[in-house]
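Numbers restart at 1 for each chain; the letters A, B, ... are given by sequence-line order, proteins then strands. Every value quoted in this text rests on a predicted model; they were computed, and no experiment measured them.
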Amino acid sequence: MSHAAELNERQREAILATEGPILVIAGAGSGKTRVLTERIAHLVGDLGVSPYQILAFTFTNKAAREMKDRLERARPGATEMLWVGTFHSTGVRILRRHGEAVGVHRDFSIYDADDSVGLVKAVLSRHPNDARFVKSPRALRDRISRMKNDLVTPALAGEKAVGAGEQRVAALYAEYERELRRANALDFDDLIMKVVELFAASDEVREVYARRFRYILVDEFQDTNPIQMAMIDGLSSVHRNLFVVGDDDQSIYSWRGARVEHILEFEGIYPGTQVIRLEQNYRSTQTILDAANGVIEHNAGRKGKRLWTEGGVGEKVRVAGSVDEEAEALAVLAAVKREVAAGTSLKDIAILYRTNAQSRALEDVFKMGSMPYQIIGSVRFYERAEVRDVLAYCKALANPADDLSVKRIINVPRRGIGKTSVDQIEEIAVRRSGSMLDAMRTPGDGLGAAAAARCRSFLDVFDGLKLIADTEVAPHAIDAILKTTGYLKYLEEVYPDVEARVENVEELLSAAYTFAESAEDKSLRAFLEEIALVADVDSIDLESGQLTLMTLHNAKGLEFDTVIVTGMEEGLFPHYNSIDDPAAVEEERRLFYVGMTRARRRLFLTFAGMRRRLGLMEGGVPSRFLSEIPDRCLEEPFEPMLAPSGPLFSGRPGARWGSGRAIVNEYAQPAPAAEESFSQDAPAAGYAVGMRVMHERFGKGIVRRVEGRGGELRVTVIFDAGGERKFLASYAPMRPL
DNA sequence: TGGTAGAGGCTTTTT
DNA sequence: GCCTCTACCA
């Protein structure tokens, strides 16, 4: 074992305990990643176990990559035959090899969430009368997903269905499954579910893997769902050397079917389990830990654990209220500036929020203040329309049975194949249980002559591309798609904001080139697989020198010197949809706990008295979680009080909470709470319309508009080089000429 | 078939 | 407030 001296007693114990079922309860920042890595290093280096016999599950691809990198450094060569990955990527690996046994053809497509919703829509459109049983296509997809994660097959759903609504949902689920199979596609859940089915269907295949993997490790065990548990169980069915690491206090994915019970009941499921607890924290200050402990203690259903550190007491947690979300964003910007002035690097600061929608106000202010930031999540790269178009070509070429993708590209760029024709083609395909492409090849009399001719020319394009896609590497195939179809020209014709879209397509192309440089299998299919499984967090660059913005969920597993959690209001955090369910509120509280424990040195919490929600201004009261932080951890005791009846809070009448005291009045006034709470630099120099200015990044320009005052003075500038931009006068690196 | 305008829904979190 | 879908007209 390397660096044994630096490990604490518990960590060493966890690394050395290699046989049988082991449950490690690892608090935030207790060095669990290190334990996992060192344990593998110990197995390989000291016990002579072949990496071929080890399988490790991580929550994200990024975590997998990091684990491999660390291990490679500790034991060069050890990672070669080792399997490390997410449940989904591991599922794909298994299914590509042995999927045929459960009807999964080896060149299957992977449908992401949007694809699934698209398929659900297609199914629903054939049963217009069933629309009344589901809230939305998305809601139905979520229900289907939940069923899959709970190991409920369509048949089982049909048996268990009570009432007409559930009967129909089960029937739609069954049809959705049939459609997936017709398209030779698997959705995200299938990537795991089909493995479980495979193991159930074939003891032989199960044993191939169960015998091979003598040691199985699972990270973030608190967020496994029943289907993943079943996969783990099958894989470990021979050797039972199952090592799971988790923290019941950080379980934040129950909405995805995750069960904390897997941790709480692990000892019962696997008799003879050795339990090891890691409670010493190596990340945060004692004050931050006390604050986090104080909050999480309000949860009833937990194993119980108290983090401690040998590090210092550190600074107190700061709470600041603002009038509205823009003022909150300004307060955040001021805090960031102050942190930077005090010597913290931007890359060590993170802004966290409950919902992606909250990023907008922050982004606006950061843009105006010329603050460099990277945003994780929000509108994901692979969800952009133009990227999806190109990917649809790729998917259809890799798997011609993929009707969803074919439908997306059939008239993009425009080929005069309209909705009517597409419907007719689909009809033929469904009737024959074949693919739409086949239907187009021999349409019979189900399609008009003119439409058939247009389909023919589409097929010519498609077949030409298919030849290239089957033989060339991924970037060449994508390049051919763009050139042959004239896609970039199409973008120009259709969208006003061409530039950004062309850039996105080029980024996709360059991602394919990067992929081809390092990947062993450089085919289009391999590239599709890679990007189907990447999450947004996978692309986070912590060395970019930028401020990082993301949801609390995405922050799991990360750490920063300074963390600012925004939107600490009832209804937002905890969220409206959780507020009247005690178990759901506990999950929100765990999410807050996750957020707090990301901070190494300083923690800021902000809330706003008003916020725009779905286009309407609504008033809010500070989150109950704020009052759960022990006073001694706070810079100033937090004294929530009931809002006086006034215009500001009339949005949510009777919104009472906690002790029934009122919000301090100053939050209700349009006072610059930002300056008061975090202090701020001197206000901006005077700008006037028509004035010439010089900006550090954008050069010279002329002032078109001046709004606001003091620290919130905003200046709109038209630059000589072209382009109009809005800045915060006090922050932008700009001066009058 | 394609373009546009208005309506409606959406936002909780994601592999 | 923004995006997507639908209905209607050219």
Side-chain angles (χ1 to χ4, degrees), chain A residues 57-64 85-92 110-114 116-118 121 125 135-139 141-142 145 148-149 186-193 220 223-225 227-228 251-258 325 352-361 364 376-380 382-385 411-423 448 450-451 454 493-494 531-538 550-556 567 571-579 581 584 587-588 590-592 594-595 611-618:
Chain A
F57 287 109
T58 57
F59 197 70
T60 62
N61 295 294
K62 182 173 186 282
T86 61
F87 283 99
H88 296 86
S89 60
T90 304
V92 170
I110 299 170
Y111 275 8
D112 65 18
D114 280 350
S116 300
V117 173
K121 272 184 195 161
S125 71
K135 227 176 89 200
S136 63
R138 167 152 257 118
R141 190 212 81 103
D142 289 347
S145 176
K148 289 191 174 189
N149 282 312
L186 298 184
D187 66 18
F188 268 141
D189 304 314
D190 285 341
L191 299 180
I192 300 162
M193 182 147 164
E220 307 284 8
D223 287 320
T224 54
N225 59 35
I227 197 93
Q228 292 166 333
S251 163
I252 55 175
Y253 282 93
S254 74
W255 49 275
R256 207 165 85 180
E325 53 193 344
L352 309 181
Y353 36 77
R354 178 67 237 270
T355 67
N356 281 307
Q358 287 166 255
S359 69
R360 176 160 282 134
D364 285 347
I376 310 298
S378 208
V379 190
R380 299 187 188 84
Y382 291 109
E383 283 173 18
R384 291 168 203 273
N411 204 31
V412 171
R414 303 230 159 87
R415 299 186 175 93
I417 306 175
K419 193 180 180 314
T420 318
S421 304
V422 173
D423 284 349
R454 293 191 186 113
E493 286 162 13
V494 174
I531 61 179
L533 299 173
V534 298
D536 240 53
V537 254
D538 294 335
M550 66 187 129
T551 62
L552 287 140
H553 281 90
N554 267 325
K556 181 162 106 162
L572 193 56
F573 197 19
H575 196 271
Y576 294 101
N577 298 358
S578 305
I579 225 154
D581 175 1
E587 176 143 322
E588 299 275 316
R590 290 193 291 271
L591 187 57
F592 183 40
V594 167
R611 191 175 294 277
R612 197 176 286 282
R613 206 178 89 86
L614 271 58
L616 294 167
M617 264 310 202
E618 285 184 14

### Message
Using whole Å, what does the distance between atom P of nucleotide B:dG3 and atom CZ of A:R414 come to?
### Response
4 Å

### Query
Can you find a pair of side-chain heavy atoms, one from A:I192 and one from A:N225, that are under 4.5 Å apart?
no

### Nearest-Å distance for atom pair CG/P, residues A:L616 and B:dT11
16 Å

### Query
Expressed as a whole number of Å, how far does the C1' atom of C:dT4 sit from that of B:dT13?
22 Å

### Message
Using a 4.0 Å heavy-atom cut-off, does A:R613 contact any base of the nucleic acid, only the sugar-phosphate backbone, or nothing at all?
### Response
nothing

### Task
Round to the nearest Å and state the distance from A:R612 atom CZ to B:dC10 atom C1'.
16 Å

## Note on the structure
Here the distance between atom C1' of B:dT13 and atom CG of A:L572, to the nearest Å, is 12 Å

### Query
A:T420 side chain: which of B:dT15, B:dT11, B:dT1 is closest?
B:dT1

### Task
Find out whether A:L591 and A:R354 are in side-chain contact, i.e. whether some heavy atom of one side chain is under 4.5 Å from a heavy atom of the other.
yes

### Message
The side chain of A:S578 is closest to which nucleotide in this list: B:dT12, B:dT15, B:dC10?
### Response
B:dT12

#### Entry: Selection from C:dC5, B:dT1, B:dT15 that lies nearest to any side-chain heavy atom of A:H88
B:dT15

### Donor-acceptor pair (no angle test) under 3.5 Å: A:H575 side chain, B:dT12 base
no

### Message
Without decimals, in angstroms, what is the distance between A:D223 CG and B:dT15 P?
### Response
12 Å

### Query
Between A:K135 and B:dG9, does any side-chain N or O lie under 4.0 Å from OP1 or OP2?
no

### Message
List the residues meeting salt bridge (charged side-chain N to carboxylate O under 4.0 Å, His left out) with A:R454, not counting sequence neighbours, and say none if there are none.
### Response
none

### Query
Mapping A:G418 and A:L591 onto DNA chain B by nearest heavy atom, which one lands closer to the 5' end?
A:G418

### Query
Should the ring pair A:F57 and A:F87 be called parallel, tilted or perpendicular, given that the plane angle runs from 0 to 90° and is split at 30 and 60?
parallel

### Task
Could you check which of C:dC5, B:dT15, B:dT12 has an atom nearest any side-chain atom of A:R256?
B:dT15

### Residue A:H553, side-chain atoms from C-beta onward, closest of B:dT14, B:dT11, B:dG3
B:dT14

### Query
OP1, OP2 of B:dT12 versus side-chain N and O of A:N356: anything below 4.0 Å?
no

### Query
C1' atom, B:dT11 versus C:dT6: distance in rounded Å?
22 Å

### Query
Out of B:dT1, B:dT15, C:dC2, which nucleotide sits closest to the side chain of A:T86?
B:dT15

### Query
A:Y253 side chain: which of B:dT1, B:dG3, B:dT14 is closest?
B:dT14

### Task
Measure from the side chain of A:N554, starting at C-beta and using heavy atoms only, and say which of B:dT14, C:dC5, C:dC2 lies closest.
B:dT14

### Message
Heavy atoms only, 4.0 Å cut-off, all strands: where does A:N411 land among base, sugar-phosphate and nothing?
### Response
sugar-phosphate

### Task
Using a heavy-atom cut-off of under 4.0 Å over every strand shown, decide if A:S421 touches base, sugar-phosphate, or nothing.
sugar-phosphate

### Message
Could you tell me how far apart A:L552 (CG) and B:dT11 (P) are, to the nearest whole angstrom?
### Response
18 Å

### Task
Please check if the side chain of A:E588 supplies one atom and the backbone of A:H575 the other of a donor-acceptor pair under 3.5 Å.
yes

### Message
Tell me every residue that passes salt bridge (charged side-chain N to carboxylate O under 4.0 Å, His left out) with A:D142, counting only those two or more places apart in sequence or in another chain.
### Response
none

### Task
Report the residue (A:T355 or A:G416) whose heavy-atom-nearest nucleotide on DNA chain B is the more 5′ of the two.
A:G416

### Query
Can a side chain N or O of A:R354 be found less than 4.0 Å away from OP1 or OP2 on B:dT11?
no

#### Entry: Value in whole Å for how far the P atom of B:dT14 lies from CG of A:L352
12 Å

### Message
With a 4.0 Å cutoff (strictly under), does any side-chain N or O of A:S136 reach OP1 or OP2 of B:dG9?
### Response
no

### Summary
Among B:dT11, B:dT13, B:dT15, the one nearest any side-chain atom of A:L614 is B:dT11

### Query
Can A:Y576 be classed as stacking with the base of B:dT12, given a centroid separation cut-off of 5.5 Å and a plane angle cut-off of 30°?
no

### A:R138 vs A:D114 side-chain heavy atoms within contact, under 4.5 Å
yes

### Value in whole Å for how far the C1' atom of C:dC3 lies from CZ of A:R360
10 Å

